[in-house]
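Let me begin by presenting the structure, written as C-alpha cells, before commenting on it.
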Amino acid sequence: MSDMRYEPHEVERRWQSVWEQERTWEVSNEAVAGVESSYVLEMLPYPSGEPHMGHLKNYSIGDAVAHFHRRTGRRVLHPMGYDAFGLPAENHAIKTGVHPRESTAASIASFQKQFRRWGISIDWSREFGTHEPRYYRWTQWLFLRMYERGLAYRNEAAVNWCPQDATVLANEQVVDGHCERCGSEVEVRQLEQWFFRITDYADRLLEDLDSISWPEHVVTMQRNWIGRSAGAEVIFRCPEVDVDYPVFTTRPDTLFGATFFVMAPEHPDVMKLVAGTDHEQAVRDYVNKSLTEGQESRGAVEREKTGVPLGRSVINPVNGERIPMYVADYVLMDYGTGAIMAVPAHDERDFEFATKFDLPIRRVIEGGDELPYAGDGPVVNSHQRFDGMHNREALESMVDWLDDQGMGHRSINYRLRDWLLSRQRYWGSPIPVVYCEACGIVPVPDDQLPVELPDITDFAPKGRSPLAAAEDWVSTRCPSCSGPARRETDTMDTFVDSSWYFLRYCDPQNSDAPWDKDAAAEWMPVDQYIGGVEHAILHLMYARFFTKAFADMGLVDTQEPFQTLFTQGMITRGGAKMSKSKGNVISPSSYVDSYGADTTRCYVLFIGPPDQDVDWSDEGVEGVHRFLSRLWRLGAEVSEVTGTAEPVADVAASGDDLELLRKAHWAIEKVTNDMTGRFGFNTAISAVMELVNECYRRREGVAPASLHFAAATAASLIFPFAPHCGSDVYDKLTGHRVWEQPWPRAEQSFLERETVELVIQVNGKVRDRLQAPSEASREELEELARGSEKLQANVDGKEIVKVVVVPGKLVNFVVR
RNA sequence: GCGGGCGUGGUGAAAUUGGUAGACACGCCGGCCUUAGGAGCCGGUGCCGCAAGGCUUGGGGGUUCGAGUCCCUCCGCCCGCACCA
C-alpha cells in the first residue's frame with residue numbers, strides 16, 4: 001500500500017484552523033423557513049485544572065449528535081461555557097492566596113484550549129463564564145424576579161452546617177449526614193437563610209416528568225426525591241395546655257389504632273409542654289442529646305428506638321381516647337408537622353417503640369400473620385360505621401367524616417424541601433439586597449445591577465461570609481430611603497448559576513435582558529441534553545424549577561428545559577472513580593498527544609455503550625488508531641488513482657463491485673439507525689470498521705469508482721466521531737467539505753439480495769445451512785430444506801411432526 | 001428494607017420484533033513483505049474432542065417448534081433512596 005502515513009496532528013491542525021477562521025459552527029438566531037432547529041447541549045463544565053476523560057466522553061457524544069443533526073438538515077445550536085463560581089477555586093485561594101478569579105481564568109484558558117484541540121464543533125461566539133459580571137448581573141436580576149413573586153424568601157431555619165467549609169448546605173448536598181463536598185459530618189444550626197420556594201412547584205415538577213424523554217431511572221430518582229404522599233392532617237388536642245397538634249398521616253384508616261403520640265425533639269413545643277413538671281429534666285437531657293448528635297448516627301436504620309415520655313396526653317379525635325405523648329428522635333421535624341400519631345399495630349417503627357416502652361398495641365386492620373401489619377384488609381375494632389369495610393374505602397370516608405367534624409382534612413406531603421440558596425462564601429454571585437434599618441430588606445434596583453464582587457485578600461472562612469470584612473463594600477445607602485444600609489454578604493449557591501445558563505446561550509450578548517423571548521423560543525427546549533447521572537437530582541431539578549418559574553413570569557414559553565436527556569456512564573480506573581487523591585487520573589491530553597483527538601474521541605465511544613460505566617484500559621486504543629490510519633491511507637491511495645470525483649454507486653455493478661457497494665449501503669443504514677433514537681456509537685463505529693475492512697479485502701478486484709464510493713462513504717460516516725480524519729479523507733476523494741454534505745442515504749436496491757442463507761434446524765438445533773432464493777415461498781423453502789443431506793442424517797427414520805418455516809431465515813423440523 | 005440496573009469467550013463487547021450466539025476490537029497463533037520490525041497486508045482464534053460430534057449467554061425451573069432475549073426462583077455485583085409517618 002501507499003507509503004503515505006496518517007499524521008493526525010497535522011490533519012487535525014489543518015481542519016481546526018478552517019473551522020476557526022470560517023467560524024463554521026456559529027449559528028444565528030434567525031429562523032430559516034423549512035429548516036428545523038436543534039439545540040444540543042452538554043452539561044456546563046466546572047473549570048478546574050484540565051478537562052478529564054469524563055469531559056472528553058461527554059463532548060464526544062454531544063458533538064456526534066450535533067454533527068448528525070446538522071447533516072440531517074437541522075440548524076444546530078451547540079454552545080460552550082463555564083460554571084466558574086464555586087468552592088474549589090475559593091479553597092485553593094485560602095491555601096495559596098491566589099485570587100479565585102486568576103485560578104479560574106487559568107482553568108478556563110486550559111479548557112478552551114483542550115476543547116479546540118479536540119475539535120468539538122462549538123459556537124464560540126456564545127461562550128461565557130458564570131463568574132463574569134455580564135452573566136451574574138442577570139443571575140441577580142432573576143433572583144430579584146423570584147423575590148418579587150415570593151419565590152425567594154428569607155427565613156430562620158434549622159439548617160445543615162458544614163464545619164469544614166464553614167457554610168450552609170442544601171439538603172441535596174448532604175449525603176448520609178456528611179458534606180457532599182468535603183465529607184465532614186454536618187451539624188444542625190438555627191440560622192437566617194435565603195430559600196427558593198421550590199416546594200410550590202412540587203406537583204408540577206412531578207407531573208411534567210411524564211412529558212419529557214428522560215431515562216427511566218432518572219425520572220424515578222426525581223419522583224422519589226419529590227416524595228409526594230397523599231393522606232390527611234388530623235388534629236390531636238392536648239387538653240392540659242389547650243393546644244391543637246395536627247399530625248400528617250397516610251393511613252387515617254388506622255386512626256382507631258393510635259395508642260400514643262410522638263413529637264420530634266426539635267418541635268418548638270416540647271420544652272413548653274414539660275416546663276415546671278417532673279419530666280422537664282429528663283426531656284431536656286433527651287432533647288439536648290438528640291440535637292447535638294450528628295445526623296448520621298441519628299438516621300441509622302439499625303438503631304434502637306429511644307425516647308422519653310412528656311407526661312402529657314392528647315385526645316384522639318375519632319374516639320375521644322386520651323393517649324400519652326412522647327418525644328423521640330425517630331420523628332423528624334422537617335417532615336409533616338414534626339409530630340405523629342403512633343399506630344403500633346400497623347407501623348413497624350411505632351411497633352418497635354411500643355414494644356420497647358410497653359405501650360398498648362391495638363389491631364384495627366385484619367390481615368397478615370403477625371403484627372405489625374402494614375397491608376390492606378377489613379377494618380376492625382374501630383367504630384361500627386367503619387368496621388367490616390375495606391380499609392381503603394374506610395380511609396376515604398373517615399377523612400370525610402373528620403372534615404365534617406372539623407378535626408382534619410385531606411393533605412399532601414412532600415419530601416422535597418425548599419432550596420436553601422445562600423452561602424457564607426466569597427466566590428459566588430452576591431445576593432442583590434441591602435438591609436436598611438428603616439426599610440428592612442430592600443432589593444437592589446435593576447439599574448444598579450450587577451452588585452459586583454469586591455476584591456478581597458483574606459478568603460478564610462470564619463463562620464460568616466468573607467465579604468463581611470469588606471467594610472467599604474458592605475456599607476452602602478438604602479436605595480429606597482437613602483439612609484445607611486448594609487449589603488447582604490452571603491453569595492448564591494452555584495446551582496443558581498447553572499439553573500439558567502442554557503437560556504443565556506440563546507442570546508448571550510443581550511444587555512437589556514437575560515435573554516430575548518423570541519431567541520429563547522427559537523431554541524428552547526434543549527433537544528438533547530447530555531451529562532453525568534450525578535446530576536440526576538440536584539441540577540436537573542433546579543433547572544426544571546427555574547424554567548417553570550420563568551414560564552410563569554412570561555419570560556419563556558417552555559415548561560421544561562431539557563426535552564431529551566442522555567446520561568453517560570462514568571469512566572473509572574481500577575474500578576474506582578478517578579480522583580486526584582487516589583492518583584488514578586488519566587489525562588486525555590496524553591492520548592491526544594500520542595494518537596490525536598480523533599482516535600481518542602472514537603476510542604471513548606468505541607469502548608462500550610455510552611450510558612454504561614467503563615473501566616479505562618489502554619488496550620484497544622491502538623485498534624481504533626489503526627482503523628483511522630487504514631481509512632486515511634485508503635483515501636490517500638484511492639484518490640491517487642481517481643483524483644477528486646463525485647462518489648457514485650454504480651447501480652449496474654456486479655461481482656466484487658456489487659458486494660463492496662452493498663457493504664457501503666449496509667454501513668449507511670447501520671450507522672443511521674444507530675444514531676437515530678439510540679446512542680449506538682460503539683456499533684456505529686464498528687460498522688464503519690467493517691466497511692473499511694471490506695475495502696481492503698476487495699481492493700484488488702474492484703473498479704476504482706467502487707472503491708472511491710466506499711471510501712468516501714466511510715469518511716462521511718465516521719465524520720461525526722472523527723471529524724478531522726473524516727473531513728480530510730472526504731476532501732481528498734471529492735474536493736468537498738463533508739460537513740456541508742447531506743447525510744448519505746442507503747438505497748434499498750443495494751440492501752436486497754437474490755439469495756439468503758437458509759438455516760435448517762431439527763428440534764431447534766442448527767443442522768445445515770443452504771443458499772436459498774430470497775423470494776422463495778414457504779413451500780419452496782421447505783422443499784429445499786428437505787433436500788439437505790444433513791437433515792436426512794439427523795431425522796433418520798424419526799417422524800416429522802411439524803415444520804416451521806420462517807421466510808428469509810430458517811426451516812425448523814420438529815421430529816419425534 | 002424499598003426502588004432501579006447488570007451478569008455473554010482470555011479481555012472490552014455485539015445480537016434492532018423470540019429465529020444462525022460471540023459482529024467489531026484487544027490479545028494470542030500462523031503466513032506474506034522486509035536487512036530488520038513493536039510498521040504494513042492476509043488468514044486463524046468460544047470451550048471440550050484426533051475426529052465425528054458434543055457443550056455454551058451467573059445457577060435451577062418454566063412457556064415455546066425455537067429463549068441471551070419472555071415468566072418464576074436462587075446467587076453475585078453495581079447505583080439510588082433510606083426511621084418521610
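The figures here come from the full heavy-atom set of this structure, side chains too, leaving out hydrogens, waters and symmetry mates. All values derive from a computational prediction rather than experimental measurement.
- When the nucleotides B/G40, B/C81, B/G43 are ranked by their closest atom to the side chain of A/W225, B/C81 comes out on top.
- A/K670 comes within 4.0 angstrom of a nucleotide base, judged by non-hydrogen atoms across all strands.
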Atom pairs under 3.5 Å, N or O on each side, protein against nucleotides 26-35 of chain B: can you list them with distances?
from: B/C26; atom 1: OP1; to: A/R626; atom 2: NH1; distance (Å): 2.5

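- Rounded to an integer number of Å, the gap from CD of A/E700 to C1' of B/G40 is 14 Å.
- Aromatic ring centres of A/F679 and A/F566 lie closer together than 6.0 Å.
- B/G7 is paired with B/C75 under the criterion used here, namely a Watson-Crick or G-U wobble arrangement in which both key atom distances are under 3.5 Å.
- Considering only side-chain atoms of A/V614, the nucleotide from B/C83, B/A13, B/G3 that sits closest is B/A13.
- Residue A/V814 is classed as a sugar-phosphate contact, given heavy-atom separations below 4.0 Å to backbone atoms only.
- At least one donor-acceptor pair closer than 3.5 Å links the side chain of A/D598 to the backbone N or O of A/C725.
- In this structure, B/G43 forms a base pair with B/C29, meeting either the Watson-Crick or the G-U wobble geometry with both donor-acceptor distances under 3.5 Å.
- The shortest heavy-atom contact between A/A711 and A/L631 is O-CD1, 4.2 Å.
- Here the separation of B/G5 from B/G60, taken at their C1' atoms, is 22 Å to the nearest Å.
- Residue A/R630 has a polar side-chain atom (N or O) positioned under 4.0 Å from OP1 or OP2 of B/C42.
- Remark on RNA chain B: of its neighbouring residues A/R678 and A/E216, the 5'-side contact belongs to A/E216, judged by nearest-heavy-atom nucleotide.
- Not a single side-chain hydrogen bond (donor to acceptor under 3.5 Å, both in side chains) links A/D611 to another residue, sequence neighbours left out.
- With both ends at atom P, the span from B/C79 to B/C65 equals 42 Å, rounded to whole Å.
- With a 3.5 Å ceiling on both atom-pair distances, B/A15 lacks any Watson-Crick or G-U wobble partner.
- In this structure, the side chain of A/S774 engages the main chain of A/R753 through a donor-acceptor pair within 3.5 Å.
- Among the protein residues, A/S229 comes within range of the sugar-phosphate backbone only, with heavy atoms under 4.0 Å from sugar or phosphate atoms but none that close to a base.
- Pairing of B/G68, defined by two Watson-Crick or G-U wobble distances under 3.5 Å, is not identified with any nucleotide.
- Mapping A/G608 and A/N673 onto RNA chain B by nearest heavy atom places A/G608 closer to the 5' end of the strand.
- A/Y414 comes within contact range of no nucleotide atom at all, as no heavy-atom separation falls under 4.0 Å.
- When Watson-Crick and G-U wobble pairs are counted only if both distances are under 3.5 Å, B/G80 pairs with B/C2.
- When distances are taken from the side chain of A/N682 to each of B/A14, B/A85, B/U20, the shortest belongs to B/A14.
- With C1' as the reference atom, B/A67 and B/A21 are 11 Å apart, rounded to whole Å.
- Straight-line distance from the CG atom of A/D613 to the P atom of B/C79: 9 Å, rounded to whole Å.
- Nucleotides B/U34 and B/C26, compared at atom P, are 25 Å apart to the nearest Å.
- A/R786 and A/Q792 share no side-chain donor-acceptor pair at under 3.5 Å.
- A/N812 comes within 4.0 angstrom of a base, heavy atoms only.
- Comparing the P positions of B/G59 and B/U69 gives a spacing of 11 Å, expressed to the nearest Å.
- Considering only side-chain N and O atoms, A/T683 lies nowhere under 4.0 angstrom from the phosphate OP1 or OP2 of B/C24.
- Checked against B/U20, B/G3, B/C24, the side chain of A/E757 finds its nearest nucleotide in B/U20.
- When distances run from any side-chain atom of A/Y696 to the nucleotides B/A85, B/C41, B/A25, the shortest one goes to B/C41.
- No hydrogens or angles considered: nothing links the side chains of A/E352 and A/Y330 as a donor-acceptor pair under 3.5 Å.
- Residue-level contact check: A/D350 touches neither bases nor backbone, having no heavy atom under 4.0 Å from any strand.
- Checking B/G19, B/U20, B/G12 against every side-chain atom of A/R769, the shortest atom distance belongs to B/U20.
- B/U73 sits 23 Å from B/C78 when the P atoms are compared, rounded to a whole Å.
- Residue A/R699 places no side-chain N or O under 4.0 Å from the OP1 or OP2 atom of B/C41.
- Nearest to the side chain of A/Y335, among B/C83, B/G19, B/A85, sits B/A85.
- For the pair A/E396 and A/R392, the salt-bridge criterion is not met [side-chain N within less than 4.0 Å of a carboxylate O].
- You'll find that the side chain of A/K809 is closest to B/G19, out of B/G19, B/C55, B/U20.
- Between the C1' atoms of B/G19 and B/G10, the separation comes to 30 Å (whole Å).
- Taking the C1' atom of each, B/A13 and B/U17 are spaced 22 Å apart, rounded to whole Å.
- Residue A/R767 is in sugar-phosphate contact alone, with no base atom involved, counting any heavy-atom pair closer than 4.0 Å across all strands shown.
- In this entry the distance linking CD of A/E637 with C1' of B/C41 reads 11 Å, nearest Å.
- The shortest distance between the side-chain N/O atoms of A/N693 and the OP1/OP2 oxygens of B/C41 is not below 4.0 Å.
- Dashed line: the shortest gap from a side-chain N or O of A/R223 to OP1 or OP2 of B/G80 is not under 4.0 Å.
- Protein atom CG of A/L810 is 14 Å distant from nucleotide atom C1' of B/U64, rounded to whole Å.
- Nearest to the side-chain atoms of A/M689 among the listed nucleotides B/C83, B/C24, B/A21 stands B/C24.
- Syn is the glycosidic conformation of B/G9, whose angle stays within 90° of 0.
- Distance, A/K802 NZ to B/G66 P: 9 Å, rounded to whole Å.
- Contact check on A/E783 versus A/R778 returns no salt bridge, with no Lys/Arg side-chain nitrogen under 4.0 Å from an Asp/Glu carboxylate oxygen.
- As the counterpart of B/G38, no nucleotide is assigned, since no Watson-Crick or G-U wobble pattern has both distances under 3.5 Å.
- Aromatic ring centroids of A/F627 and A/W632 lie 6.0 Å or more apart.
- Between the CE atom of A/M221 and the P atom of B/A82 there is a distance of 12 Å, given to the nearest Å.
- Contact between the side-chain N/O atoms of A/Q612 and the OP1/OP2 oxygens of B/C78 is not found at any separation under 4.0 Å.
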List the atom pairs, donor and acceptor, that lie under 3.5 Å between side-chain atoms in residues 798-813 of chain A and the rest of the protein, sequence neighbours left out.
from: A/N812; atom 1: OD1; to: A/N763; atom 2: N; distance (Å): 3.4
from: A/N812; atom 1: OD1; to: A/G764; atom 2: N; distance (Å): 3.0

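- Across B/G80, B/U16, B/A85, the shortest atom-to-atom separation from the side chain of A/I340 is found for B/A85.
- Between the CE atom of A/M570 and the P atom of B/G5 there is a distance of 19 Å, rounded to whole Å.
- Between the P atom of B/G80 and the CG atom of A/L540 lies a distance of 15 Å, rounded to the nearest Å.
- The backbone N or O of A/D593 lies less than 3.5 Å from a partner atom in the side chain of A/H9, making a donor-acceptor pair.
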